[in-house]
2 protein chains.
Amino acid sequence: MESQKTYSKMFLEIVGGLRNLIKEEDIKTGGKLPSERELAERMNVGRSTIREALRSLELLGLIETRRGEGTFLADFQKNQFVDVLSGFILQQPTSIRDVRETRKIHEISAIQKICNCSTLQKMPVWNGFLLKIEQHMCIKRIDVIREMIVSTGNRLSLKIWMLLTQYSQVPYGVEMTVEEKNIIRDLLSALVIGDEGKALTSYFNWSERVEGERGEE
Amino acid sequence: MESQKTYSKMFLEIVGGLRNLIKEEDIKTGGKLPSERELAERMNVGRSTIREALRSLELLGLIETRRGEGTFLADFQKNQFVDVLSGFILQQPTSIRDVRETRKIHEISAIQKICNCSTLQKMPVWNGFLLKIEQHMCIKRIDVIREMIVSTGNRLSLKIWMLLTQYSQVPYGVEMTVEEKNIIRDLLSALVIGDEGKALTSYFNWSERVEGERGEE
DNA sequence: ATACTTAAGTGGTCTGACCACTATTCTTTC
DNA sequence: GAAAGAATAGTGGTCAGACCACTTAAGTAT
């Protein structure tokens, strides 16, 4: 906490420091945190830095602030999801492998759901993608997958997936190559006729190719 | 934006304001946002307030800041994305339906993984459960499912599942009835021989029965 | 034309100062 | 003595100004 050496992202260290503080002082759900001024003094940083960290946690729903009263640990049940996910966001020890695998769980699930629901298969967006591929237009990797998860209508799954995507260190934001488009075309073609087996085969094929690009582990 | 009336949570309005700004000015992925000082002036608030909002979005991964350069829209997709995320940010209650469905996504995924991995099929815990059923011993619903997810070794998936379970209002903590045990026995029997189809059929059968108990929606 | 220096712009942080609100304490009053 | 009201201290909310470190671009000297 006393590192303070113009380290870029000091407020992120404060976020971590707050986690420790909550743990060490055993602050329970609904319990009160030290005041901003006290935190600033204890951590040897300015109050504004403390506030930036607190505001971030507030937006995540982890804490609750009441003017004139103080800052409190947020309601338990209500924000558990965010808590877990933010735990990973805060670089806690979780292997990239788990993050990746969990992301894929949600992707596969979406494919399966679409293949077993004729309403979802008929959505125009799939043929839209196929058309784009036909015309060699630009499509990013993330676009197709995201649209699949969006189509399932499960917003929670979507939220989790989005968070996982940004931390799985897979180059999802780039455009697809010609080879990839061919695979995705197969995937979409299988999708619209509900051929789950073929769709998943294409997915795994594509997934391996994408992950292979940056073979770090 | 000019409301500014000591309204508690001004920085939340800024978050919303930024979303509009991104949309209206059509700032693309990777595009540059106005500087903090300019934003402060345009929105008639102090720079520190702007920073609190920006830092929140940064922790969420929505934006990326580079000292000396500026603030950029993170590697995400357009307005659609920001809309969805900001929806959650604003504490929208996630529907029970989504929680349930997401929980099942993880459960199904675990079953599929076990059925496709002979190492997992050979784990003694499955026969242990079968033995307990045979001897009419007490087994809680949650025990079997949890063990399946534990066995996959994906700790992140396990954590998410545990939270969802706690939140999905399904009576997982109670003991299984005789009928349920029969279904679970089928499930486990299929599991240990890798019969994914049968295992899933049993799972869905069991799942419907359990959820039907408290037919709220 | 190239290399170096300078300046401007930007995020990162700190300080101090108010404001608005809450809870506590201390009066005043009965 | 007890209750009602007033002053006080503590807290989050916000702002303004000042540095610092870094990046980029413009300007200068070679």
Side-chain angles (χ1 to χ4, degrees), chain A residues 1-18 21-22 25 27 30-75 90, chain B residues 1-18 21-22 25 27 30-75 89-91:
Chain A
M1 207 52 39
E2 62 279 3
S3 56
Q4 196 169 345
K5 44 180 179 184
T6 309
Y7 178 33
S8 200
K9 315 302 175 197
M10 170 69 96
F11 93 97
L12 282 180
E13 293 194 17
I14 301 298
V15 169
L18 287 172
L21 185 145
I22 290 170
E25 309 215 349
I27 298 175
K32 192 168 179 300
L33 271 65
S35 74
E36 297 179 350
R37 289 169 178 85
E38 184 184 338
L39 286 173
E41 195 172 353
R42 281 169 60 170
M43 298 190 175
N44 281 313
V45 296
R47 193 182 154 210
S48 47
T49 303
I50 292 288
R51 278 186 62 81
E52 289 182 10
L54 288 177
R55 249 23 73 201
S56 302
L57 294 177
E58 182 175 3
L59 192 64
L60 276 174
L62 291 177
I63 61 175
E64 181 183 347
T65 54
R66 295 197 284 271
R67 166 184 290 187
E69 299 184 52
T71 307
F72 304 85
L73 248 188
D75 188 80
L90 302 181
Chain B
M1 209 48 40
E2 62 280 2
S3 55
Q4 196 168 346
K5 43 184 177 181
T6 308
Y7 179 36
S8 201
K9 316 303 176 197
M10 169 68 97
F11 92 97
L12 281 181
E13 294 194 17
I14 301 297
V15 169
L18 287 173
L21 185 144
I22 290 169
E25 307 214 352
I27 298 176
K32 192 168 180 299
L33 271 66
S35 74
E36 296 180 350
R37 290 169 178 84
E38 183 183 339
L39 286 173
E41 195 172 354
R42 280 168 60 172
M43 298 189 175
N44 281 313
V45 295
R47 192 183 154 208
S48 45
T49 304
I50 292 288
R51 278 187 61 82
E52 289 181 10
L54 288 176
R55 249 23 72 202
S56 303
L57 295 178
E58 182 175 2
L59 190 64
L60 277 175
L62 281 174
I63 61 174
E64 180 184 347
T65 54
R66 297 197 282 272
R67 167 185 288 188
E69 298 183 53
T71 306
F72 304 84
L73 242 192
D75 194 72
I89 289 168
L90 301 180
Q91 311 286 1

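Predicted model only: the values in this text are computed from it and were never measured. Throughout, protein chains are lettered first and strands after them, A, B, ... in sequence-line order, and every chain is numbered starting at 1.
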Arg42(B)/Glu25(B) salt bridge by N-O under 4.0 Å criterion
yes

Salt bridge flag under 4.0 Å for residues Glu64(B) and Arg66(B):
yes

Measure [atom1]/[X] against [atom2]/[N] and give the value in whole Å, please.
X        : N       : atom1 : atom2 : answer
Glu69(B) : dG9(C)  : CD    : C1'   : 12 Å
Lys32(A) : dT22(C) : NZ    : P     : 15 Å
Glu38(B) : dG11(C) : CD    : P     : 10 Å
Arg55(A) : dT14(D) : CZ    : P     : 9 Å
Glu41(A) : dG16(C) : CD    : C1'   : 15 Å
Arg67(A) : dA9(D)  : CZ    : P     : 20 Å
Arg51(A) : dC14(C) : CZ    : P     : 14 Å

Are the side chain of Ser56(B) and the backbone of Glu52(B) linked by a donor-acceptor contact shorter than 3.5 Å?
yes

side-chain hydrogen bond (donor to acceptor under 3.5 Å, both in side chains) assessment of Thr65(A) paired with Glu58(A)
CA-CA 8 Å; Thr65(A) 54; Glu58(A) 182 175 3; 3.2 Å; yes

Taking five pairs at each end, how big is the angle between the two axes of the helix from dA1(C)-dT30(D) to dC30(C)-dG1(D), to 10°?
30°

On a plain distance test, is the side chain of Arg47(A) in donor-acceptor contact with the base of dG13(D) below 3.5 Å?
yes

Taking atom types as they are modelled, would you say the side chain of Arg37(B) forms a donor-acceptor pair with the base of dG11(C) within the 3.5 Å cutoff?
yes

With nearest nucleotide decided by heavy atoms, which residue, Ser48(A) or Pro34(B), maps closer to the 5′ end of DNA chain C?
Pro34(B)

Given dG11(C), dG13(D), dC15(D), the nucleotide with the shortest approach to the side chain of Thr65(A):
dG13(D)

Taking only the side-chain heavy atoms of Thr49(B) (C-beta and beyond), determine which of dC22(D), dC15(D), dT11(D) contains the nearest atom.
dC15(D)

